[in-house]
Number of protein chains: 6
Amino acid sequence: MIFLTRRATFSASHYYWNDAWTAEKNEQVFGRCSNRNGHGHNYTLEVTVAGEPDPVTGFVVDLKWLKDVMEREVLAAYDHRHLNLEVAEFSDGGVIPTTENIAIAAWKRLEPAVTAGGGARLSRVRVYETAEVFAEYRGEL
Amino acid sequence: MIFLTRRATFSASHYYWNDAWTAEKNEQVFGRCSNRNGHGHNYTLEVTVAGEPDPVTGFVVDLKWLKDVMEREVLAAYDHRHLNLEVAEFSDGGVIPTTENIAIAAWKRLEPAVTAGGGARLSRVRVYETAEVFAEYRGEL
Amino acid sequence: MIFLTRRATFSASHYYWNDAWTAEKNEQVFGRCSNRNGHGHNYTLEVTVAGEPDPVTGFVVDLKWLKDVMEREVLAAYDHRHLNLEVAEFSDGGVIPTTENIAIAAWKRLEPAVTAGGGARLSRVRVYETAEVFAEYRGEL
Amino acid sequence: MIFLTRRATFSASHYYWNDAWTAEKNEQVFGRCSNRNGHGHNYTLEVTVAGEPDPVTGFVVDLKWLKDVMEREVLAAYDHRHLNLEVAEFSDGGVIPTTENIAIAAWKRLEPAVTAGGGARLSRVRVYETAEVFAEYRGEL
Amino acid sequence: MIFLTRRATFSASHYYWNDAWTAEKNEQVFGRCSNRNGHGHNYTLEVTVAGEPDPVTGFVVDLKWLKDVMEREVLAAYDHRHLNLEVAEFSDGGVIPTTENIAIAAWKRLEPAVTAGGGARLSRVRVYETAEVFAEYRGEL
Amino acid sequence: MIFLTRRATFSASHYYWNDAWTAEKNEQVFGRCSNRNGHGHNYTLEVTVAGEPDPVTGFVVDLKWLKDVMEREVLAAYDHRHLNLEVAEFSDGGVIPTTENIAIAAWKRLEPAVTAGGGARLSRVRVYETAEVFAEYRGEL
């Protein structure tokens with residue numbers, strides 16, 4: 001079994017806000033992140049797939065294909081977008097786009113496409129908010 | 001002469017929009033950056049001062065003091081903010097918060113405080129929008 | 001389950017020395033690291049906690065809280081210190097502050113505070129001595 | 001159990017080519033990587049060993065020894081070489097030097113030497129082709 | 001005046017060889033780099049242009065345009081190529097593709113296109129062979 | 001003219017202390033850096049030489065030679081050393097090993113050897129104390 005990883009970056013805005021709370025409560029819990037004008041990050045998305053290298057090509061999966069999957073399933077929806085306002089899984093208000101929830105959401109977007117590719121299974125999704133903070137999801141273990 | 005540099009990061013949102021243009025023209029020129037919901041970045045601010053090391057302390061300037069100047073003059077105003085909507089030099093609409101203009105604006109915020117410190121002159125301000133793009137301003141040469 | 005990671009840095013001195021050995025034996029085994037004047041590093045401490053995102057906040061733990069735990073439990077004791085001379089778990093001479101042992105010691109300092117926080121369990125502690133060398137501890141598996 | 005990791009870099013050329021295919025088929029599957037003149041990368045080899053710190057030295061293994069093992073077993077054979085033409089496990093044509101296969105080959109080169117060292121077992125080998133792409137092998141699980 | 005910089009990467013092979021010398025002399029001067037099978041690197045190309053921000057757009061130059069210029073003028077010719085065998089300025093044998101000469105060659109490729117763009121002048125070209133080695137050319141000063 | 005740069009790292013301890021001051025004054029000015037047990041850093045030394053590429057070799061200087069000069073003149077004296085106690089230019093107490101003074105001292109160590117090499121002149125020395133702080137010296141301009 002080989003674990004093959006590819007990284008890509010996207011820039012997006014977000015804020016942290018719970019509609020069930022007062023503005024004071026939101027600011028108390030979320031601090032400056034509760035600013036409704038939003039603020040932004042250069043996120044790094046790191047996707048790991050697991051499988052056996054194909055004996056003919058030496059590939060677990062074609063890295064060009066994996067790049068396309070990442071761009072089509074995640075970056076096309078997230079890059080240069082305001083996550084709270086423009087991305088379906090967050091804009092209905094039920095899920096706050098924290099780094100943790102972005103990692104889970106990216107997994108859900110990627111998993112069917114990786115599985116459909118046939119060559120490998122999705123093993124791990126990491127989302128870096130900055131170089132100092134990242135969240136990792138490995139599916140429902 | 002020694003050039004002493006300190007880096008700090010801030011996260012902010014922005015968009016590119018010229019009020020004098022139609023929406024179509026804005027999108028044509030600015031592409032996805034014209035999205036009025038904004039998008040964001042982890043910016044790195046890199047400030048260089050030039051001077052002679054003090055023979056008693058060995059410092060060109062006290063790095064703790066320089067950090068405070070950067071936080072007070074720039075980060076307090078820019079971090080976790082929407083530059084187009086909440087930062088005075090951009091929110092009046094006349095100046096678009098491109099990386100180039102952020103570098104000039106940061107210089108104008110920093111220069112009086114560095115000069116007032118007395119130990120060195122401001123030599124260079126760099127703003128990284130991502131690891132791949134940065135703008136540098138050295139004042140009016 | 002989400003794995004959430006935060007990094008911080010500290011600067012410290014150390015040397016490698018076994019009191020039960022002669023100076024020659026120490027130099028033979030530890031090389032330049034046996035220099036009793038000490039030498040130093042910019043260490044990076046990388047702490048991973050595991051848990052479920054809170055459905056209300058979207059947080060596994062509050063990152064500001066995690067930063068405070070790391071600063072209070074580890075950085076306050078290690079940063080700008082000589083590990084062999086000023087940090088209790090190493091200064092009594094029984095444990096040499098190798099990267100391996102610093103990772104274990106940081107785990108022991110962090111684990112009670114993370115557990116007391118209630119939202120997640122400590123999953124992994126990594127200590128980078130340089131960009132090329134790091135040690136990782138996951139507790140007693 | 002502590003996981004201790006060391007990194008090293010090497011520069012090498014490779015191309016992707018399957019002798020059983022036509023040139024057209026090779027270019028269709030491998031794209032620009034099928035260029036028989038080869039192209040190159042700065043690879044990073046990241047080796048993780050697992051064991052208990054020696055109570056006397058505080059080492060899982062001596063990092064100088066691990067560096068020597070990596071240089072003798074892998075870098076001496078791969079650095080400044082054309083992998084397809086000059087490295088035995090790839091030059092016979094049966095195994096294409098993809099990042100995946102380089103990770104497996106490096107494991108096979110390293111595992112006997114690490115095991116012979118006696119202090120730890122080989123836990124993980126990562127090979128970075130660029131900062132954006134890496135493959136990881138943990139042996140036959 | 002603002003200095004605006006953009007980075008891009010390419011992977012290529014090269015070797016160091018002077019046809020006027022014997023094989024022994026080539027190996028003596030160039031060491032392992034004289035291996036005629038070639039070896040490779042992930043190069044980073046860093047291009048700086050200088051100009052005034054356009055008062056209407058806030059751009060010194062359009063970064064998308066600069067990216068296209070870099071890809072068309074340099075990356076299309078260098079990426080996934082063997083510089084000694086497939087790139088005109090090196091393949092005639094007169095110029096060895098050292099980092100120094102690649103920086104000069106990239107400048108010559110970029111300068112007419114940047115000047116023709118009209119908004120700025122080419123100020124600096126940097127080529128990183130690895131993270132530890134880079135060459136910079138600023139034109140004929 | 002080409003500017004060719006090479007980086008290397010060294011680990012060292014230092015503290016900030018002025019013998020002419022009281023302990024209180026030293027702590028007030030230098031904060032935690034005044035701890036006489038010392039603390040340490042992984043420094044990066046970045047050396048730039050300027051010259052014309054040799055038409056025969058394509059080199060401004062031989063990078064292997066430059067590496068040897070850096071190791072012999074600076075790293076052999078600074079790496080794994082306590083700068084205040086073991087390095088001549090700082091141990092006599094007159095010069096405090098701040099990043100600024102280390103850059104000047106490294107220049108003085110390197111300049112004669114680079115000049116004696118004959119192929120280029122020393123153009124710039126940068127010393128990074130951390131990724132966030134660095135000092136640069138270009139000689140007496």
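Residue numbers start from 1 in every chain, and the chains themselves are labelled A, B, ... in the order their sequence lines are given, proteins ahead of strands. Atoms considered below: every heavy atom in the structure, side chains included; atoms not considered: hydrogens, waters and symmetry mates.
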* Asked: Can you say whether F:W21 sits under 4.5 Å from chain B via the side chain, the backbone, both, or neither, judging by heavy atoms?
  ->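 Interface part for F:W21: side chain.
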* Asked: Which bit of F:Y16 comes within less than 4.5 Å of chain B, counting heavy atoms only: side chain, backbone, both or neither?
  ->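 Only the side chain of F:Y16 comes within 4.5 Å of chain B.
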What is the minimum heavy-atom distance between [X] and [Y], and which atoms define it?
X: B:L4; Y: F:A135; answer: CD1-CB, 3.9 Å
X: B:T57; Y: F:F30; answer: O-CE2, 3.8 Å
X: B:I2; Y: F:E100; answer: CD1-O, 3.6 Å
X: F:V29; Y: B:D62; answer: O-OD2, 4.0 Å
X: B:P53; Y: F:I104; answer: CG-CD1, 3.9 Å
X: F:I96; Y: B:V56; answer: CD1-O, 3.4 Å

* Does the side chain of F:E136 reach to within under 4.5 Å of the side chain of B:T5, using non-hydrogen atoms? ->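 No. Closest side-chain heavy atoms not under 4.5 Å.
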* To do: Against chain F, label B:V49 side chain, backbone, both or neither, depending on which of its atoms sit under 4.5 Å from a heavy atom there.
  =>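 Contact with chain F is absent: no heavy atom of B:V49 under 4.5 Å.
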* Can you tell me if CD on B:E27 sees more than 12 non-hydrogen neighbours from other groups inside 6.0 Å? ->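 Open: at most 12 neighbouring heavy atoms sit under 6.0 Å from CD of B:E27.
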* **Spacing of CD belonging to F:E132 relative to OG1 belonging to B:T44, to within rounding of 0.5 Å** =>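 Rounded to the nearest 0.5 Å, the CD-OG1 separation comes out at 8.5 Å.
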* Structure fact -> Distance col, row F:F134:CZ vs B:E46:CD, nearest 0.5 angstrom, shows 4.0 Å
